[in-house]
Protein chains: 2
Amino acid sequence: MSVTSGINHAKQLKLNRALVIDSLRRQQCCSRAELARMANLKRATITNIIGELIDSGLVVETEILNGTKGHRSIGLRINGHRYQVIGVMVTRTSYSLVRIGLSGEVYEVQSQSIPPHLGVDELILDMERSIKHMIEENHESRIMAIGVAVPGPYLQREGEVVFVTNRIGWDGFPISARFQDAFDIPVLLVNDANAAAYAQYWFSSEDDTRRNLAYIVAGQGIGCGLLFDGELVQGAMGIAGEIGHTSIDYNGPKCECGNRGCLELYCSSLALEKRVRQRLQEGASSCLGENFSTQELTAAIRAQDPLALEEYRKNCEYLAVGIVSLINQFDPGTIVIGDQLAQMAPKVLMDTICRQLKDRLRPAIWAELHIEIDTMEHNSIAMGAAAMAARSILQDPFGYLNAEL
Amino acid sequence: MSVTSGINHAKQLKLNRALVIDSLRRQQCCSRAELARMANLKRATITNIIGELIDSGLVVETEILNGTKGHRSIGLRINGHRYQVIGVMVTRTSYSLVRIGLSGEVYEVQSQSIPPHLGVDELILDMERSIKHMIEENHESRIMAIGVAVPGPYLQREGEVVFVTNRIGWDGFPISARFQDAFDIPVLLVNDANAAAYAQYWFSSEDDTRRNLAYIVAGQGIGCGLLFDGELVQGAMGIAGEIGHTSIDYNGPKCECGNRGCLELYCSSLALEKRVRQRLQEGASSCLGENFSTQELTAAIRAQDPLALEEYRKNCEYLAVGIVSLINQFDPGTIVIGDQLAQMAPKVLMDTICRQLKDRLRPAIWAELHIEIDTMEHNSIAMGAAAMAARSILQDPFGYLNAEL
DNA sequence: TTACTTTGTCAATTAAATGAACAATATAAT
DNA sequence: ATTATATTGTTCATTTAATTGACAAAGTAA
């Protein structure tokens with residue numbers, strides 16, 4: 001635990017309070033005595049901390065828990081019904097909103113498609129309207145913060161957000177300032193892969209195996225969110241986890257990023273479609289027509305169309321090469337694969353990748369590896385954005401609760 | 001700052017004490033008031049903390065500092081003369097010892113060559129004798145801990161150390177237990193690349209730019225130590241930073257690790273020598289004979305022998321490809337390159353790598369990158385091993401000081 | 001029914017950081 | 001040279017947060 005500033009009484013209390021709240025959130029419901037044991041603090045201390053939190057309304061006492069022995073204990077919960085956050089995910093074609101309680105339960109999910117050629121300004125306005133509507137619509141809860149996940153890495157310069165890649169035509173657009181101006185609650189800007197990685201950690205009760213984790217966003221690009229000891233690795237320039245631009249062939253084709261043989265050129269969904277299209281033009285036999293849609297391609301893979309399946313498998317093999325490099329570099333305890341490519345044919349993906357990993361890793365490493373497909377019920381990216389917003393509130397709840405109650 | 005255990009008074013003091021000691025170590029010499037400002041604590045608090053440390057003998061008051069204004073201030077130092085640690089580095093052919101004060105000054109450096117074919121047991125015995133001799137030889141100082149840096153990643157299983165690669169023939173040897181049995185002070189086992197990375201951070205006064213750092217050990221293998229927020233990234237299986245086994249050609253030659261086209265196969269010093277030897281056999285003109293030594297090869301590169309220089313440059317270019325992947329994955333703020341390949345011809349290495357990086361990175365990324373050659377006076381690996389030993393003592397000094405004074 | 005556990009709380013206590021005051025002693029201004 | 005001002009380091013009373021120990025309440029096991 002690295003601390004760069006001394007701990008006075010105020011900070012001590014704040015840290016202990018944040019710890020207690022986070023333990024409570026993970027357990028969803030537990031007694032004061034249990035919290036004391038988890039935090040290595042005494043029961044009396046927890047009584048004090050929880051007392052304040054109950055007074056503020058953030059925590060509520062619920063049912064009586066019947067343990068194995070002794071005095072009945074009182075269940076505690078974070079009042080997610082009353083205090084909530086919104087998470088936003090933006091892609092090229094649509095955006096999604098989720099509204100969750102500070103304790104993590106999902107209250108509302110929305111999705112809006114984005115008309116083609118809609119300008120950035122109009123899109124932002126539309127998103128702001130949707131969010132405001134969601135906020136104003138429900139009177140029982142109070143929205144404390146908003147997390148917005150955007151595709152691709154960005155640089156934060158003088159308050160403005162400058163995208164490093166230009167995945168959705170927002171290059172240089174001051175998205176953070178725009179959103180912040182529109183709302184009088186904190187707005188958090190997050191990279192999509194980071195959000196998804198954080199969701200895998202935050203929403204999991206067994207956090208030990210997920211404190212060091214990589215979430216691979218395998219879609220139109222190949223991104224990755226990295227967690228080290230429960231903290232997001234943003235990187236010195238905000239591009240950590242950009243495995244899509246690690247080279248798997250130093251002499252391969254040139255990428256727009258400057259590098260050669262970037263992973264993304266081999267195994268993004270765009271690369272897959274391109275290869276299939278090319279082989280169709282070359283006369284390969286398949287149930288697909290030359291102008292197939294992504295849906296049709298997915299169906300073809302699932303129906304085991306030879307061409308589609310073969311190229312999808314190839315995609316998975318390339319991705320596996322990237323994953324091997326990720327393991328040899330960052331060595332995360334758990335790897336979760338999500339987004340479009342993972343959803344197309346999860347079992348094929350898993351089988352193909354595992355076969356490659358087994359080949360390309362030392363047996364001792366392969367034996368200890370946790371790798372899985374994202375199975376979260378709701379969109380990991382939007383959920384992660386919400387989780388990060390919730391975390392920022394829960395780390396210092398009184399700073400926000402008392403602000404303007 | 002993630003805390004997994006609550007903070008009671010004892011822990012509060014312990015954390016503040018550790019912070020004060022670390023600030024003092026970084027500054028080498030400063031006043032109580034300066035420490036108070038750095039730690040965001042009050043002067044009275046520092047007086048208390050420093051009082052204890054002076055009583056214990058760990059900190060001493062030195063000269064009077066004349067500041068710009070006001071009361072004279074009293075200089076404080078960690079008593080590195082009295083309390084010291086030993087750092088050990090082991091390679092295939094030699095081992096080195098450094099003895100440093102807890103404040104970081106070097107007191108003694110030793111190097112021993114290892115006779116070829118010496119058994120592991122004999123080697124360990126020999127090292128233990130050397131270390132014991134170093135401990136007993138100086139009566140003024142007390143050695144508090146020993147850090148041992150070994151090449152390559154290892155798995156820690158039931159107290160035993162199992163090497164993942166077998167770089168020095170120690171596969172399965174319980175080195176940690178052996179060393180710990182021989183000494184009654186803490187013995188720390190460290191990966192060599194991690195040690196070197198830690199040295200770059202620990203011995204630097206400007207720690208802000210070095211909290212997120214990668215140290216590349218470019219020698220017979222290609223290893224890398226990673227720092228995230230001042231903490232070593234060991235990885236879930238202890239192989240984080242093994243960039244030597246990231247593939248730069250997914251279809252390249254098979255590596256002993258199972259992967260194909262591993263970076264190490266292209267740009268380790270072994271790979272360089274192999275390529276040069278092959279071209280000599282093919283009749284390429286060079287000042288080198290077919291049975292050249294590493295020293296002769298280095299000389300040839302420095303003398304700008306066309307063949308040697310060309311192949312060395314190629315080596316650097318391959319390494320650059322690996323560095324680009326490292327940047328796109330972990331995005332460290334600073335990259336330091338060290339070991340054999342860096343020492344051969346630092347300027348050529350730097351020029352060649354920078355040219356490649358400029359090509360293969362986005363301009364915005366390249367512009368912000370810090371990349372340098374290791375220029376530490378003493379061996380970074382042994383120094384880092386010592387630094388990690390020192391850190392373990394300084395984090396909780398009273399636990400060790402009072403142990404058996 | 002009794003013995004034993006466990007929970008949650010309260011008041012008294014302990015421990016650590018702080019605030020305020022002070023002496024000592026620098027530099028800067030006059 | 002003198003005065004004003006600033007800074008350091010200490011002391012001690014004070015504040016704050018966690019702990020201790022005791023206790024009532026309420027459960028299980030014997």
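Just so we're clear, the structure is a prediction, and the values are computed from it rather than from any experiment. Here is the naming used below: chain letters follow the sequence lines, and residue numbers restart at 1 for every chain.
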Roughly, in whole Å, what's the span from [atom1] in [X] to [atom2] in [N]?
X: Asn40(B); N: dT18(C); atom1: CG; atom2: P; result: 9 Å
X: Lys42(A); N: dT13(C); atom1: NZ; atom2: P; result: 20 Å
X: Glu61(B); N: dG9(D); atom1: CD; atom2: C1'; result: 10 Å
X: Lys14(B); N: dA18(D); atom1: NZ; atom2: P; result: 18 Å
X: Ile46(B); N: dA16(C); atom1: CD1; atom2: P; result: 15 Å
X: Leu76(A); N: dT7(C); atom1: CG; atom2: C1'; result: 12 Å
X: Arg17(B); N: dA15(C); atom1: CZ; atom2: P; result: 14 Å
X: Leu35(B); N: dG9(D); atom1: CG; atom2: C1'; result: 13 Å

Classify Ile74(B) by what it touches in the nucleic acid, base, sugar-phosphate, or nothing, heavy-atom distance under 4.0 Å.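 It contacts sugar-phosphate atoms only.
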
Name the nucleic acid region contacted by Arg37(B), choosing base, sugar-phosphate or nothing; use a 4.0 angstrom heavy-atom cut-off, strictly under.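 Since only primed, P, OP1 and OP2 atoms lie under 4.0 Å of Arg37(B), the category is sugar-phosphate.
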
At a heavy-atom distance below 4.0 Å, what parts of residues 23-31 of chain B sit against DNA chain C?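 Output list: empty, so none.
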
Test of understanding: with side-chain contact (heavy atoms from CB on, under 4.5 Å), list the residues that count as partners of [X], not counting sequence neighbours.
X: Ala145(A); value: Val85(A), Pro186(A), Ala389(A), Ile393(A)
X: Glu63(A); value: Cys29(A), Leu65(A), Arg77(A)
X: Ala240(A); value: Val233(A), Asp331(B)
X: Val109(B); value: Val98(B), Val106(B), His378(B)

Please identify each residue that fulfils side chain to side chain donor-acceptor pair (under 3.5 Å) with Glu140(B), with sequence neighbours left out.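 Expected list: His81(B).
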
Side chain of [X] only, please: which of [options] is the nearest?
X: His9(A); options: dG19(C), dT16(D), dT8(D); answer: dT16(D)
X: Leu13(B); options: dA18(D), dA16(C), dG9(D); answer: dA16(C)
X: Gln12(A); options: dA16(C), dA17(D), dT18(C); answer: dA17(D)

So, is Asn16(A) near the phosphate of dA17(D), with a side-chain N or O under 4.0 Å from OP1 or OP2?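 For dA17(D), OP1/OP2 do not have a side-chain N/O of Asn16(A) under 4.0 Å.
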
Tell me whether the side-chain N/O atoms of Thr45(B) come closer than 4.0 Å to OP1 or OP2 in dT18(C).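 Thr45(B) to dT18(C) OP1/OP2: side-chain N or O found under 4.0 Å.
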
Would you give me the side-chain donor-acceptor pairs under 3.5 Å for residues 47-55 of chain A, sequence neighbours excluded?
unit_1	atom_1	unit_2	atom_2	d
Thr47(A)	OG1	Arg43(A)	O	3.1
Glu52(A)	OE1	Arg17(A)	NH2	3.4

Non-neighbouring partners of Glu108(B) that pass salt bridge (Lys or Arg N to Asp or Glu O under 4.0 Å), sequence neighbours left out: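 Salt bridge (Lys or Arg N to Asp or Glu O under 4.0 Å) list for Glu108(B), sorted by chain: Arg99(B).
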
Please work out whether the ring planes of Phe179(B) and Phe183(B) are parallel, tilted or perpendicular, with thresholds of 30° and 60°.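 Parallel, since the angle between the ring planes stays under 30°.
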
Does the Gln12(A) side chain pair with the main chain of Ile7(A), one donor and one acceptor, at a distance under 3.5 Å?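 Looks like no, no N/O pair under 3.5 Å.
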
With the side chain counted from C-beta on, respond yes when Ser56(A) and Phe398(A) share a heavy-atom pair under 4.5 Å apart, and no when they do not.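 When only atoms from C-beta onward are counted, Phe398(A) and Ser56(A) do touch, with a gap below 4.5 Å.
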
Using five base pairs at each end, measure the axis-to-axis angle across the helix from dT1(C)-dA30(D) to dT30(C)-dA1(D) and round it to 10 degrees.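 The two end axes of the helix from dT1(C)-dA30(D) to dT30(C)-dA1(D) meet at 20°.
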
Could you go through nucleotides 21-25 of chain D and list every protein N or O atom that sits under 3.5 Å from one of its N or O atoms, giving the distance for each pair?
unit_1	atom_1	unit_2	atom_2	d
dA25(D)	N3	His71(A)	NE2	3.2

Salt bridge (charged side-chain N to carboxylate O under 4.0 Å, His left out) partners of residues 386-400 of chain A, not counting sequence neighbours, each pair once: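 Matches after skipping sequence neighbours: Lys14(A)-Asp396(A), Glu231(A)-Arg391(A).
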
Would you list the pairs meeting salt bridge (charged side-chain N to carboxylate O under 4.0 Å, His left out) in which at least one residue belongs to residues 24-35 of chain A, sequence neighbours left out?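 Of all non-adjacent pairs touching residues 24-35 of chain A, those that pass salt bridge (charged side-chain N to carboxylate O under 4.0 Å, His left out) are Asp22(A)-Arg25(A), Asp22(A)-Arg26(A), Arg26(A)-Asp207(A), Arg32(A)-Glu61(A).
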
